Chemist: 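Sharing a structure with you now.
Chain A is the first sequence line, chain B the second, and so forth, proteins listed ahead of strands; every chain is numbered from 1. Everything numeric in this text was worked out from a predicted model, so none of it was measured.
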Amino acid sequence: MSVSPSTSKDFIREIIDEDLSSGKHDTTVTRFPPEPNGYLHIGHAKSICLNFSIADEYGGRCHLRFDDTNPVKEDAEYVDSIKEDINWLGFDWADHIYFASDYFEKLYEWAVYLIREGKAYVDDQDADEIRNGRGNLQQPGTESPYRGRSVEENLTIFEQMKSGDFGNGEKVLRAKIDMDHPNLNMRDPVIYRILHEDHHRTGDAWCIYPMYDFTHGQSDALEFITHSLCTLEFENHRPLYEWFIENLPVPSSPRQIEFSRLNLNYTVMSKRKLLQLVEENHVTGWDDPRMPTISGIRRRGYPAEAVRNFCKTIGITKFQSVNDIALLENSVREILNKKSSRFMAVLDPIKVVITNYPDGETEELESVINPEDPSLGVRKIPFGREIYIERDDFLEDPPKKFFRLSPGAEVRLRAAYWIKCEKVIKDDDGEIVELHCTYDPATKSGQNPPDGRKVKATIHWVSAPHALNAEIRLYDRLFGEEAPDKKGGSFLEHLNPESLKVLPNGKLETNLAGVFPGETVQFERLGYFCADKESSPDTLIFNRTVGLRDSWSKAKKKT
RNA sequence: AACCCCGUGGUGUAAUGGUAGCACAACAGAUUUUGGUUCUGUUUGUCAUGGUUCGAAUCCAUGCGGGGUUGCCA
């Protein structure tokens, strides 16, 4: 029996379908509304992918709008990094870039409108008094003594607030809704506060600034956003969002829909904690390859396509969940396997001398650039008497299932010959410094010897005289605990001490000289590596993006 | 314990009153000049109890569990 292809949509797209077929809307407009007060992280990527993809699928548009209503926290510096990150992810807002601060004048007018309607008042109480008056989860609130001010008086004082007649916190403007409302957001929320602070865009034009709740929905309405998608923590704000839309002469009625934010195990996602990691130097910066920031992920070498696929895979729902980082890594491997060129690199080298290979001679061998895409052709690799191999690929006293090199054993060198280990050279400390091997000329480039001998493994290598030196940075997950911020104690106690291992003595195949910073390639048998932004022809630096799946290390652990 | 939201394998997500499926993870095998890739197979699930119905993951009730909300942050 044939199964019809899955056309399942998430609940948001279902709502949009209904709104379109019912004629409520004839187009779909979404928005991504970051506050320019920090760097974007993978959690934002979920929202970006959702909003821009929907606009794309429905032939609508997605606005980029900076939610910049709090000059104390925000900075122009972040605007640029946010734009860069969204672009890198592969999305384009065209000319639809907006700032909530562009609407300050309109918002002010609407605040005045509310006052005139008797639906807003100036409160002289300080922050503590307001908090106490709001009641709590069990207790209803009590009305402010200033709640009954006349429209005229409210208008006058609000005007004075705007003119700068008062200091920070002396007065606020509040919506007059319902102090008994079970939803605390509806108990006369503050909608304007006094902040004598320069704004990154409006400078000193204002000393009163609208609150998020008084800004967001109205901005949506001004931009004719049809579906305003946000995370679950704004669920309790929806009644207020709708109250403003209903009570103000706004040009459209957007609908707020909430979905659950992205959580990933083995990391933290809150801006505060990420900031702490940076400020306390647990990482080297916002773009440290271990950070879950977009810039960190980019520097790590994750392809944008993999991030997009990941976001598609995890879906959109309303329930709180924790996604396995392995799923992200799978998306990364999937893309990189298809797209990355293969090279050989030896991270921790041992010198091998092939004693029966003519001294001073070099030959050029060929190896496929990407077996997943043979049309890419082959690359040339020099081979000679002295090569490096990986220290892990030799064991003097190998366990039963170890297929690599050991005394008397034979292995294949990738794209080259079979070699057999004849002698182990050690220094005074007993450390292995060199291996003497012999090669079989009849086994060149994948040929099997006529006598029917078999080898069980192929190892990678680099010609010693041709090798490029490089620093290799081995990254692992930043935290050793699945839920570092829930485990108890400070999340910092769960930092993985081995999240970065630097190997200063890597040896690279010559072709790797042409890799540009930011490009991710495969080091055969090891993993995917990305040339770091600090890498230069003089000092090559490669970051490990993610290792290959490694069934050998798994098997090893079991015994 | 006020209000709101939410419970499907280990994880994430489908099934919209009619065969509980997919991906990841795990495990086993085949193929392989990458212990990679690819392919095949296996294990594990509807929070509970009642009700409605020929039939319930889906509808209803109650209970249980998880999350959110008491900023002049967003």
Side-chain angles (χ1 to χ4, degrees), chain A residues 1 3 6 8-10 14 33-35 37 67-70 72-74 123 125-127 130-132 134-141 168-174 181-185 187 189-195 209 211-213 215-216 230 232-239 258 260 265 271 313-331 333-334 337-338 342 344 367-368 371-372 401-404 411-418 443 445-448 455-460 522-527 547-556:
Chain A
M1 191 165 70
V3 182
S6 167
S8 76
K9 289 186 170 177
D10 55 70
E14 277 176 6
E35 183 187 14
N37 74 338
D67 231 330
D68 55 351
T69 57
N70 186 353
V72 179
K73 294 185 163 184
E74 294 145 8
D123 197 337
Q125 296 183 107
D126 65 27
I130 289 179
R131 186 179 325 115
N132 292 333
R134 186 160 32 229
N136 57 42
L137 299 179
Q138 276 87 350
Q139 304 281 301
N168 290 354
E170 277 184 42
K171 293 188 178 351
V172 292
L173 186 69
R174 291 228 255 169
H181 199 107
N183 183 331
L184 270 55
N185 291 127
R187 316 238 264 230
V190 172
I191 59 178
Y192 261 92
R193 75 287 215 193
I194 299 169
L195 250 26
Y209 292 92
M211 298 288 290
Y212 165 84
D213 285 311
T215 306
H216 200 89
C230 62
L232 252 26
E233 65 269 28
F234 292 102
E235 219 158 21
N236 293 325
H237 292 247
R238 184 165 12 104
E258 311 85 15
S260 70
N265 57 11
K271 274 183 191 170
T313 307
I314 59 176
I316 299 293
T317 63
K318 283 194 81 132
F319 49 86
Q320 162 269 0
S321 59
V322 181
N323 287 274
D324 196 335
I325 189 91
L327 197 54
L328 211 207
E329 290 176 344
N330 179 261
S331 298
R333 288 195 186 100
E334 198 173 56
N337 176 51
K338 272 188 288 191
R342 318 278 130 131
M344 288 199 280
S367 190
V368 64
E372 303 297 313
K401 291 253 173 115
F402 186 82
F403 304 143
R404 282 109 99 150
V411 287
R412 189 196 303 274
L413 293 176
R414 169 113 247 233
Y417 300 93
W418 294 16
T443 57
S445 301
Q447 296 173 65
N448 290 322
V455 284
K456 276 192 149 159
T458 298
I459 65 173
H460 59 277
Q522 186 189 109
F523 288 177
E524 293 199 76
R525 299 209 312 132
L526 296 173
L548 255 27
R549 253 188 217 95
D550 184 358
S551 50
W552 165 241
S553 74
K554 254 188 243 168
K556 215 167 37 175

Chemist: State whether A/Thr458 places a side-chain N or O below 4.0 Å from either non-bridging phosphate oxygen (OP1 or OP2) of B/U34.
Modeler: no
Chemist: What protein N or O atoms touch nucleotides 69-74 of chain B N or O atoms at under 3.5 angstrom, if any, and at what distances?
Modeler:
{"unit_1": "B/U69", "atom_1": "O4'", "unit_2": "A/Asn236", "atom_2": "ND2", "d": "3.1"}
{"unit_1": "B/G71", "atom_1": "OP2", "unit_2": "A/Arg131", "atom_2": "NE", "d": "3.4"}
{"unit_1": "B/G71", "atom_1": "OP2", "unit_2": "A/Arg134", "atom_2": "NH2", "d": "3.3"}
{"unit_1": "B/C72", "atom_1": "OP1", "unit_2": "A/Arg134", "atom_2": "NH2", "d": "3.2"}
{"unit_1": "B/C72", "atom_1": "OP2", "unit_2": "A/Arg134", "atom_2": "NH1", "d": "3.1"}
{"unit_1": "B/C72", "atom_1": "N4", "unit_2": "A/Gln125", "atom_2": "O", "d": "3.0"}
{"unit_1": "B/C72", "atom_1": "N4", "unit_2": "A/Ala127", "atom_2": "N", "d": "3.1"}
{"unit_1": "B/C72", "atom_1": "N4", "unit_2": "A/Gly169", "atom_2": "O", "d": "3.1"}
{"unit_1": "B/C73", "atom_1": "OP2", "unit_2": "A/Arg193", "atom_2": "NE", "d": "3.2"}
{"unit_1": "B/C73", "atom_1": "OP2", "unit_2": "A/Arg193", "atom_2": "NH2", "d": "3.0"}
{"unit_1": "B/C73", "atom_1": "O3'", "unit_2": "A/Arg193", "atom_2": "NH2", "d": "3.2"}
{"unit_1": "B/C73", "atom_1": "O2'", "unit_2": "A/Asn70", "atom_2": "ND2", "d": "3.2"}
{"unit_1": "B/C73", "atom_1": "O2'", "unit_2": "A/Lys73", "atom_2": "NZ", "d": "3.3"}
{"unit_1": "B/A74", "atom_1": "OP1", "unit_2": "A/Thr69", "atom_2": "OG1", "d": "2.6"}
{"unit_1": "B/A74", "atom_1": "OP1", "unit_2": "A/Arg193", "atom_2": "NH1", "d": "3.4"}
{"unit_1": "B/A74", "atom_1": "OP1", "unit_2": "A/Arg193", "atom_2": "NH2", "d": "2.8"}
{"unit_1": "B/A74", "atom_1": "OP2", "unit_2": "A/Tyr212", "atom_2": "N", "d": "3.0"}
{"unit_1": "B/A74", "atom_1": "N6", "unit_2": "A/His237", "atom_2": "NE2", "d": "3.1"}

Chemist: Start with the C-alpha distance between A/Ser367 and A/Glu524, add both sets of side-chain angles, then the distance that settles side chain to side chain contact (heavy atoms under 4.5 Å, CB included), and finish with yes or no.
Modeler: CA-CA 11 Å; A/Ser367 190; A/Glu524 293 199 76; 4.2 Å; yes
Chemist: Taking the P atom of each, how far is B/A57 from B/A28, in whole Å?
Modeler: 34 Å
Chemist: In this structure, are over 12 heavy atoms from other groups packed under 6.0 Å from A/Lys271 atom NZ?
Modeler: yes
Chemist: Give a yes/no answer on whether the side chain of A/Ser551 brings an N or O atom under 4.0 Å of OP1 or OP2 in B/G36.
Modeler: yes
Chemist: Please list, for nucleotides 7-10 of chain B, all pairs of protein and nucleotide N/O atoms separated by less than 3.5 Å.
Modeler:
none

Chemist: If each of A/Ile314 and A/Leu327 is mapped to the nucleotide of RNA chain B with the nearest heavy atom, which maps nearer the 5' terminus, i.e. the 5' end?
Modeler: A/Ile314
Chemist: Charged N to carboxylate O under 4.0 angstrom, A/Glu258 versus A/Arg238?
Modeler: yes
Chemist: For B/U53 versus B/C59, give the span between their C1' atoms, rounded off to a whole number of Å.
Modeler: 10 Å
Chemist: Would you tell me if any nitrogen or oxygen in the side chain of A/Lys554 comes within less than 4.0 Å of OP1 or OP2 on B/A26?
Modeler: yes
Chemist: Say we look at B/A14 and B/C47: how far apart would their P atoms be, to the nearest angstrom?
Modeler: 15 Å
Chemist: Do the side-chain N or O atoms of A/Ser331 get closer than 4.0 angstrom to the phosphate oxygens (OP1, OP2) of B/C24?
Modeler: no
Chemist: Expressed in whole Å, how much space separates the P atoms belonging to B/C3 and B/U46?
Modeler: 31 Å
Chemist: When you measure from the side chain of A/Glu235, which nucleotide among B/C4, B/U33, B/G35 comes out closest?
Modeler: B/C4
Chemist: Counting only side-chain heavy atoms from C-beta out, which of B/G35, B/U33, B/C5 sits nearest to A/Phe403?
Modeler: B/G35
Chemist: Between the base of B/U33 and the side chain of A/Gln447, is there any donor-acceptor pair under 3.5 Å?
Modeler: no
Chemist: Which heavy atom of A/Leu195 sits nearest to which heavy atom of A/Asn70, and what is that distance?
Modeler: CD2-OD1, 4.0 Å
